[in-house]
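Because only heavy atoms are used, hydrogens play no part in the values below, and waters and symmetry mates are left out as well, while side chains stay in.
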Amino acid sequence: MQEPFGHRGRLAAGVVLLAVLAGLVLWAGAVPSDLMSGGYPDEVDVTPNREAYVGEQVVLGGRVVDTDPVVIATRASGYGRFTLVNADDGLQNSDAPLEQGDRVSAFGHLEDESTLVVDRTTIGDTAGTTYMLLVSFFGGLWAFGRFARDWRFDFGRFAVVPRDEPLSLRDVIPGTRGGASGGDRSD
Amino acid sequence: MIAVTDVLTHVLVGYVIGTLLSIRYARLRRAHVTLVMIGALSPDFTKIDLVFPDELVSYLLDIPFSWAPLHLLGGTIVVTLFASLLFAPEYRRDVVVLVAIGAASHHVLDLGLMTSTGYSYAAFWPLTEYRLPAGGLYLSTDRWPALVAGLCAVLVWALERRVGVRGYEDSASLE
């Protein structure tokens with residue numbers, strides 16, 4: 001099939017789409033709330049400017065530094081402390097009470113400048129994070145590996161086209177297949 | 001806290017959906033299943049943020065900046081359309097449809113995540129900043145979503161082999 005609007009048309013469409021994408025990332029940067037989360041003020045907003053958020057619903061992420069009562073530090077230095085009221089009752093993903101060193105995200109309303117009355121808490125999982133990064137890496141490797149096996153870039157057409165058969169390791173490691181190598185030598 | 005499903009689960013779900021589609025529609029081959037898998041992880045291109053954080057780009061360009069749109073409706077559509085342009089014209093329609101199906105599955109999974117606020121992300125931006133209530137089903141650090149998705153993947157893989165291998169042998173062209 002020919003390019004419906006010629007190569008110029010294709011290039012123009014690509015440029016327009018990239019311009020739209022650039023517009024979106026700049027626009028999103030200017031949106032006051034964090035689009036990737038629930039949109040409530042978080043510890044980055046609240047910690048340096050507590051009095052402005054008293055009485056509001058906020059979400060605070062941090063590390064537990066004390067358990068009776070539960071106190072979290074929103075800064076790695078151990079500063080930015082808030083006391084959490086009802087943190088254990090609102091814990092969503094664990095039955096055990098919070099312990100020192102746990103990473104938590106607590107949502108509730110800021111009663112005064114250092115007290116958060118908690119509705120819900122989620123607890124982080126360090127081992128789980130390592131697991132998540134590891135399997136995410138392999139997930140990406142699998143998908144992109146399959147893509148490289150099934151599709152190829154045709155320089156003649158300057159476009160991605162499917163391979164006639166999936167590329168195998170024998171095609172890329174020299175000396176493991178006699179004669180013509182490369183699963184993409186069909187045209 | 002990172003509120004995304006792990007990439008492996010997304011890719012496995014993409015494989016399951018793609019393989020089921022290939023069983024239903026004989027025209028679709030292995031390479032098409034791969035497109036659904038790529039689509040299923042495509043919203044996580046937003047993780048480029050880990051290498052080039054919003055703040056860094058914002059500082060360098062001296063203008064507000066956020067990678068978030070890549071993981072929201074508007075950015076997903078633009079990325080899908082742009083990706084389709086990289087393909088030869090006869091494959092573009094398939095690329096758009098299959099990548100979009102994969103991307104939709106990504107958003108469905110991510111909306112099921114547990115958050116402390118009880119709300120998910122602004123999935124429909126820039127149409128609206130409205131956030132759907134979070135599904136509260138799992139965290140990105142949970143293991144069982146990948147296990148369940150892996151089990152489903154093995155099942156559809158076996159099903160596909162029973163139905164008949166629709167590989168490269170029996171369909172010479174995609175058109």
With sequence neighbours left out, the residues meeting ring-ring contact (aromatic ring centres under 6.0 Å, His included) with F82(A) are none

From S66(B) OG over to D34(A) CG, what is the distance, rounded to the nearest 0.5 angstrom?
7.0 Å

Rounded distance [0.5 Å steps], CG in L26(A) versus OG in S58(B)
9.0 Å

With chain B as the partner, which of V31(A), V20(A), D119(A) has the greatest number of non-hydrogen pairs under 4.5 Å?
V31(A)

Distance, nearest 0.5 Å, that separates CH2 of W142(A) from CG of L41(B):
11.0 Å

Any side-chain heavy atom of R146(A) sitting closer than 4.5 Å to one from V33(B)?
yes

If one checks every heavy atom of R157(A) against chain B at 4.5 Å, the contacting part turns out to be side chain

Which of D142(B), L70(B), V11(B) touches chain A most, by non-hydrogen pairs under 4.5 Å
V11(B)

Among the listed options A88(B), G14(B), G136(B), the residue most often paired with chain A at heavy-atom distances under 4.5 Å
A88(B)

By a 4.5 Å heavy-atom criterion (distance strictly below it), what part of Q2(A) contacts chain B: side chain, backbone, both, or neither?
backbone

Closest contact, heavy atoms only, L24(A) versus W125(B):
O-CH2, 3.5 Å

Check whether more than 12 heavy atoms from other residues, nucleotides or ligands sit under 6.0 Å from atom CZ of F153(A), and answer yes or no.
yes

In short, G140(A) meets V7(B) closest at the heavy-atom pair N-CG1, 3.9 Å

Name the atoms and distances for all side-chain donor-acceptor pairs under 3.5 Å in residues 73-87 of chain B, with sequence neighbours left out.
unit_1, atom_1, unit_2, atom_2, d
T76(B), OG1, L72(B), O, 2.9
T76(B), OG1, H107(B), NE2, 3.4
T80(B), OG1, T76(B), O, 2.7
S84(B), OG, L81(B), O, 2.6

So for S120(B), is it side chain, backbone, both, or neither that comes closer than 4.5 Å to the heavy atoms of chain A?
backbone

Where do R30(B) and E165(A) land on the salt bridge (Lys or Arg N to Asp or Glu O under 4.0 Å) test, with the steps shown first?
CA-CA 10 Å; R30(B) 193 193 127 91; E165(A) 55 181 284; over 6 Å; no

Pick one of side chain, backbone, both or neither for V118(A), based on which atoms fall under 4.5 Å of a heavy atom in chain B.
neither

Nearest heavy atoms of P89(B) and E3(A), plus distance in Å:
CG-OE2, 3.7 Å

State, to 0.1 Å, how close G128(A) and T141(B) come at their nearest heavy-atom pair, and which atoms those are.
C-CG2, 3.5 Å

Bottom line for F137(A): the part with an atom under 4.5 Å from chain B's heavy atoms is neither

Do you know which of Y40(A), W27(A), F158(A), F144(A) has the most heavy-atom pairs with chain B at a distance under 4.5 angstrom?
W27(A)

Check step by step if side chain to side chain contact (heavy atoms under 4.5 Å, CB included) holds for Y119(B) and F107(A).
CA-CA 11 Å; Y119(B) 283 91; F107(A) 173 72; over 6 Å; no

Please tell me whether V59(A) and V71(A) are part of a single hydrophobic cluster in this structure, the criterion being side-chain heavy atoms less than 4.5 Å apart.
no

What part of V25(A) is in contact with chain B, defined as an atom under 4.5 angstrom from a non-hydrogen atom: side chain, backbone, both or neither?
both

Flag yes if more than 12 heavy atoms outside Q100(A) fall under 6.0 Å of its CD atom; otherwise flag no.
yes

Which heavy atom of S33(A) sits nearest a heavy atom of E129(B), and at what distance?
OG-OE1, 3.1 Å

As a quick check of understanding, evaluate side chain to side chain contact (heavy atoms under 4.5 Å, CB included) for M36(A) and W67(B), giving each step before the final call.
CA-CA 10 Å; M36(A) 285 299 289; W67(B) 290 113; over 6 Å; no

Can you get from Y15(B) to L151(B) by hopping between Ile, Leu, Val, Met, Phe, Trp and Tyr side chains that sit under 4.5 Å apart?
no

V156(B) with V163(B), same ILVMFWY side-chain cluster at under 4.5 Å
yes

Please lay out, stage by stage, how S136(A) and D6(B) fare under the test side chain to side chain contact (heavy atoms under 4.5 Å, CB included).
CA-CA 5 Å; S136(A) 291; D6(B) 67 86; 3.7 Å; yes

Can you tell me which portion of F147(A) sits under 4.5 Å from chain B's heavy atoms? Options are side chain, backbone, both or neither.
both

Are Y130(B) and L35(A) joined in one hydrophobic group, where the rule is that I, L, V, M, F, W and Y side chains link up if heavy atoms are under 4.5 Å apart?
yes

For T115(B) versus R120(A), what's the shortest heavy-atom pair and its separation?
O-NE, 4.4 Å

Ranked by heavy-atom pairs below 4.5 Å to chain B, first place among G14(A), A30(A), A106(A) goes to G14(A)

List the steps and the verdict of side chain to side chain contact (heavy atoms under 4.5 Å, CB included) for L35(B) and W151(A).
CA-CA 10 Å; L35(B) 291 177; W151(A) 298 85; 3.6 Å; yes

What distance do R29(B) atom CZ and D150(A) atom CG have between them, rounded to the nearest 0.5 Å?
8.5 Å

Cluster question for you: counting only ILVMFWY and a side-chain heavy-atom cut-off of under 4.5 Å, with indirect links fine, are L21(A) and F52(B) together?
yes

Report which part of R92(B) has an atom under 4.5 Å of a heavy atom belonging to chain A: side chain, backbone, both, or neither.
side chain

